[in-house]
Amino acid sequence: MTHPLVGKSYRFELGPLKVNFTFDSPSQGSFVVKQGGGLAPDGHTETVKLDLKEIREGLYLNSWTEASGATVTHVEDFANATVYSNVTVDGTLYNFVGTIKEA
């Protein structure tokens, strides 16, 4: 069975942080930082190993570790176009709530 997110791209807008994210497979994603908001350089691209869990239809817990050591945990509510994001950069935790749009 094909995962419903695989092959789709989304724009996560988290206040000052804006990222285009593609679900390459259920266990891999890639992203482009459109606006880093001081947390990541604009234009940064990376492919990451995902820990993606479906909570219920349209609601996912998604987390990964970036090459820099930054960690990201999202609750992605596609039914309500809302993303809750916890990002840890250099030991500092940042919390964001934003929107999800299909890219």
Do T82 and I100 come close enough that some side-chain heavy atom pair is under 4.5 Å?
no
Sequence neighbours excluded, every pair satisfying side-chain hydrogen bond (donor to acceptor under 3.5 Å, both in side chains) that has a member inside residues 4-20
S9-T22, R11-E13, R11-N20
Under 4.5 Å between side-chain heavy atoms, hopping through other hydrophobics if needed: is there a path connecting F12 to V97?
no
Using the six-membered ring wherever Trp is involved, compare the ring planes of H74 and W64 and label them parallel, tilted or perpendicular (cut-offs 30° and 60°).
perpendicular
Atom pair CD (E46) and OG (S68), whose distance is rounded to the nearest 0.5 Å:
6.5 Å
Side chains of S30 and F23: closer than 4.5 Å at any heavy-atom pair?
no
Would you indicate whether the side-chain heavy atoms of V72 and E66 approach each other to under 4.5 Å?
yes
Set of side-chain contact (heavy atoms from CB on, under 4.5 Å) partners for A40, sequence neighbours left out:
V33
Nearest 0.5 Å, what's the OH-OG1 distance between Y84 and T73?
15.5 Å
State which residues pass salt bridge (Lys or Arg N to Asp or Glu O under 4.0 Å) with D51; sequence neighbours excluded, sorted by chain then number.
K53
State yes or no: do L39 and V83 share one hydrophobic cluster built from I, L, V, M, F, W and Y residues joined by side-chain heavy-atom distances below 4.5 Å, directly or via other members?
yes
Partners passing side chain to side chain donor-acceptor pair (under 3.5 Å) against T47 (at least two apart in sequence or in another chain):
none
Check whether S25 reaches the backbone of Q28 with its side chain - one donor and one acceptor, N or O, closer than 3.5 Å.
yes
Do F96 and V48 share a hydrophobic cluster (ILVMFWY, side-chain heavy atoms under 4.5 Å, transitive)?
yes
Residues two or more places apart in sequence or in another chain: which of them pass salt bridge (Lys or Arg N to Asp or Glu O under 4.0 Å) with K49?
none
Nearest-0.5 Å distance, NZ of residue K34 to CG of residue L17:
13.0 Å
Would you say Y60 and L5 make side-chain contact, with heavy atoms under 4.5 Å?
yes
In the structure I gave you, are the side-chain heavy atoms of V19 and V32 within less than 4.5 Å of one another anywhere?
no
With the side chain counted from C-beta on, respond yes when F21 and L50 share a heavy-atom pair under 4.5 Å apart, and no when they do not.
yes
Would you say E57 and F78 make side-chain contact, with heavy atoms under 4.5 Å?
no
L14 and G98: which non-hydrogen atoms are nearest, and at how many Å?
CD2-N, 3.7 Å
Run the numbers on N62 and E76 for side chain to side chain donor-acceptor pair (under 3.5 Å), then give the verdict.
CA-CA 7 Å; N62 187 12; E76 297 164 353; 3.1 Å; yes
Among residues two or more places apart or on two chains, list those pairs meeting side-chain hydrogen bond (donor to acceptor under 3.5 Å, both in side chains) that have a residue in residues 89-103.
none
